[in-house]
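Positions are given from 1 along the sequence. Source: prediction; values computed, not measured. Every heavy atom of this structure was used, including side-chain atoms; hydrogens, water molecules and symmetry mates were not.
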Amino acid sequence: MNYCDHAIALSELDRMNAIPGQDGVPLADSVSLDGFSVWHWYQDSIYESLRQGILYSPTPTHVSLRSSAIFIVLGGLLFLITIAAAISARLRGVRVMVFSVDRTTLNGKTDQRLAAVYDALARTQTPFVELWHSHHPKTSLGNLCKRRRLGAYLMAFDWCFWMGEGMWHRRMGKWSEESFAEFSDPLHAHRIAQNFYLRVPLSRGRVFLLEYFCVIAGIKFIVGIDDPRNYHEIACAAKRRQIPFVVVQHGHFTKYHIGWLERYPFALPRCIPDTLVVWSNYWKNELHRLHSVFSPERIVVGGAKQTTVVPGRSSMADGLIHLVVPFETGAPHSEVAPYLHALSMRDNVRIYFKLRPDESVEAQLAAYSLLPLPKNVEAVSFLPEGVRIDAVVGVYSTYLYDLIAAGIPAGVLETGCDFGSGLTDNGLAVPIRFPSLEEDIRLLAATTSEEVRRRQMQLCEPLDATLSTAIAGILLEHREQKN
């Protein structure tokens, strides 16, 4: 399966959900907790596994003694830090927990995508404790040293489960390989289903431990990133203790953002956060168009996030078209590379290749066949000061929306990936096709100021609201209700 076969992966996810077990119950409704569908919690991750071709071993893999020792020691250390964070939160009178990904992209301490949340906490003088999703204990301990503050780790709860219940008592799924015969790769699909079915006891353990962490720490309100791969257990634990759970939009939504959408007709109810705060009316309407699991009354329009600052559009007085092209992790790089090559051969085009901060520069340039770097292409982490931008082109990313909001016309490169179709379907961007590339780029750069303003208004209304202010209002409202 090609990495960008989104539609095929979506179809196979639906097929997997409907596979009946020996009792005739579909896989989607085969496991529950507190009356909620547990299988729904894994939809986004299963979809990504199908799409990316991630392989799983059908049996527990052998782990070296050294790796096991590292996991036991470092995982145990994170668990002790988590307990210390709970006790510290109780002693400090903390009532708010922030759920975040374990990143240090904002001031070397927190996740940049939650900048508005941390700003709101500071403005309202709200003490808080953090709960981080992380991938490796070494990275977590390194970030802990950068932050110099205690916090809790989902990985610590996983470690506790492994040390206690362990994975040896997990039951294999009740679906034979024959049930997956119609899949494009039956063995691959069967292993994915088994892998996620084996995660069910771990999810139940997480819920139990998260619930009692909240009790020990005295948590009465949770706010965090809208990450459906990891927030369902938090939502379930919060519902057990009647703790409000608010999540904040961190990126764009498409028909392939499975975790946010009402894709499959589950018989069991879904366990999701109480409220989703979005950037604008556009995103609330887009979620409604895409059939979100969040009903309209659960979606609150917050306001603009802290958008990318750009110098504005140039007058092209120098005869050059100043173009931004962001690196996009999930784009079909082999299809985008010819566009960049063709543009790099034009004397009237200057390209700023926008890098991601969480991947190596060399890997990003190599993915787009930009090594060695052409003379009219500049790789940048931030747009250079004083340079005015005419347009941005890409395949799908949130960065395209950021620059549209900043008043820059956007184009979507035509590839086999339709992940960014919402941009063109909703009139926020125009398609850029390879046969007419030069003319399409020229017309894009010449987009009228009236049309640019129309797109801004469509994407950003209400223009006078900010995400930080909206979250601050939610925090203060909750504080008044508790007083």
Any side-chain heavy-atom pair of R123 and T469 under 4.5 Å: yes
Flag, side chain of R206 to backbone of E233, donor-acceptor distance under 3.5 Å: no
Between S203 and Y42, a side-chain donor and acceptor under 3.5 Å: yes
Any donor-acceptor N or O pair under 3.5 Å, side chains H6, Y47: yes
Expected output: side-chain S37 to main-chain D29 donor-acceptor under 3.5 Å: no
Ring pair (Phe, Tyr, Trp, His ring centres under 6.0 Å) assessment of F161 paired with F157: CA-CA 6 Å; F161 175 81; F157 301 126; over 10 Å; no
M16 vs I192 side-chain heavy atoms within contact, under 4.5 Å: yes
Any donor-acceptor N/O pair, T124 side chain to A120 backbone, under 3.5 Å: yes
Name of the residue among I258, I272, L261 meeting side-chain contact (heavy atoms from CB on, under 4.5 Å) with V293: I272
Closest non-hydrogen atom pair between L400 and P326, with its separation: CD2-CG, 4.2 Å
Any D227 side-chain heavy atom under 4.5 Å of F99 side chain: yes
Side chain proximity check, N17 to I19, heavy atoms < 4.5 angstrom: no
Lys/Arg cation over aromatic F183: R15, 6.0 Å, 45° cone: yes
Stacked cation flag K354 on F327, 6.0 angstrom / 45 deg: no
Side-chain donor-acceptor contact under 3.5 Å, D111 with Y118: no
N/O donor-acceptor pair under 3.5 Å between N426 side chain and G422 backbone: yes
Any donor-acceptor N/O pair, H232 side chain to P228 backbone, under 3.5 Å: yes
Donor + acceptor pair across side chains of S100, E130 (<3.5 Å): no
Over all atoms of both residues, closest heavy-atom pair of L114 and G224: CD2-C, 4.2 Å
Point-to-point distance, once rounded to the nearest 0.5 Å, from CD1 of I222 to CG of L210: 8.0 Å
Gap between atom SG of C236 and atom CZ of F36 - 0.5 Å precision: 6.5 Å
Heavy-atom donor-acceptor pair, H478 side chain to L475 backbone, under 3.5 Å: no
Close aromatic pair by centroid cut-off 6.0 Å: F434 and Y339: yes
What pairs of donor and acceptor atoms, side-chain ones from residues 294-302 against any protein atom, are under 3.5 angstrom apart with sequence neighbours left out?
residue	atom	partner	partner atom	Å
S295	OG	E297	OE2	3.1
R298	NH1	P273	O	2.7

W39 vs F196 side-chain heavy atoms within contact, under 4.5 Å: yes
Results of ring pair (Phe, Tyr, Trp, His ring centres under 6.0 Å) for Y401 - residues two or more places apart only: H252, W283
Check: S134 main-chain N/O paired with D102 side-chain donor or acceptor under 3.5 Å: no
Distance-only side-chain donor-acceptor flag, D418 / Y256, under 3.5 Å: yes
W279 side-chain N/O to Q249 backbone N/O, donor-acceptor pair under 3.5 Å: yes
Distance, nearest 0.5 Å, that separates CG of L287 from CD of E262: 12.5 Å
Under 3.5 Å donor-acceptor, N285 side chain and N281 backbone: yes
Electrostatic pair K239:D34 at N-O distance under 4.0 angstrom: no
CZ/R229: more than 12 non-hydrogen atoms of other groups inside 6.0 Å: no
I234 vs F245 side-chain heavy atoms within contact, under 4.5 Å: yes
Pair T139-H136, side-chain donor/acceptor within less than 3.5 Å: no
E12-S184 side chain donor-acceptor pair, cut-off 3.5 Å: yes
Spacing of Q194 atom CD and R199 atom CZ [to the nearest 0.5 Å]: 13.0 Å
Close side-chain approach of P137 and L77, heavy atoms under 4.5 Å: no
Side-chain H-bond candidate by donor/acceptor type, T104 with R147, under 3.5 Å: no
Salt bridge (charged side-chain N to carboxylate O under 4.0 Å, His left out) between R263 and D14, worked out: CA-CA 8 Å; R263 173 70 190 180; D14 289 341; 2.6 Å; yes
Salt bridge R356-E328, side-chain N to carboxylate O under 4.0 Å: no
Test item: R204 side-chain N/O and S32 main-chain N/O as donor-acceptor pair under 3.5 Å: yes
Worked check of side-chain contact (heavy atoms from CB on, under 4.5 Å) between R241 and Y212: CA-CA 9 Å; R241 290 291 163 176; Y212 283 96; 3.8 Å; yes
W260 and D226: side chain donor to acceptor below 3.5 Å: yes
CD1-CD1 distance between I216 and I83, expressed to the nearest 0.5 angstrom: 5.5 Å
Side-chain heavy atoms of M155 within contact of W132, under 4.5 Å: no
Pair T466-S468, side-chain donor/acceptor within less than 3.5 Å: no
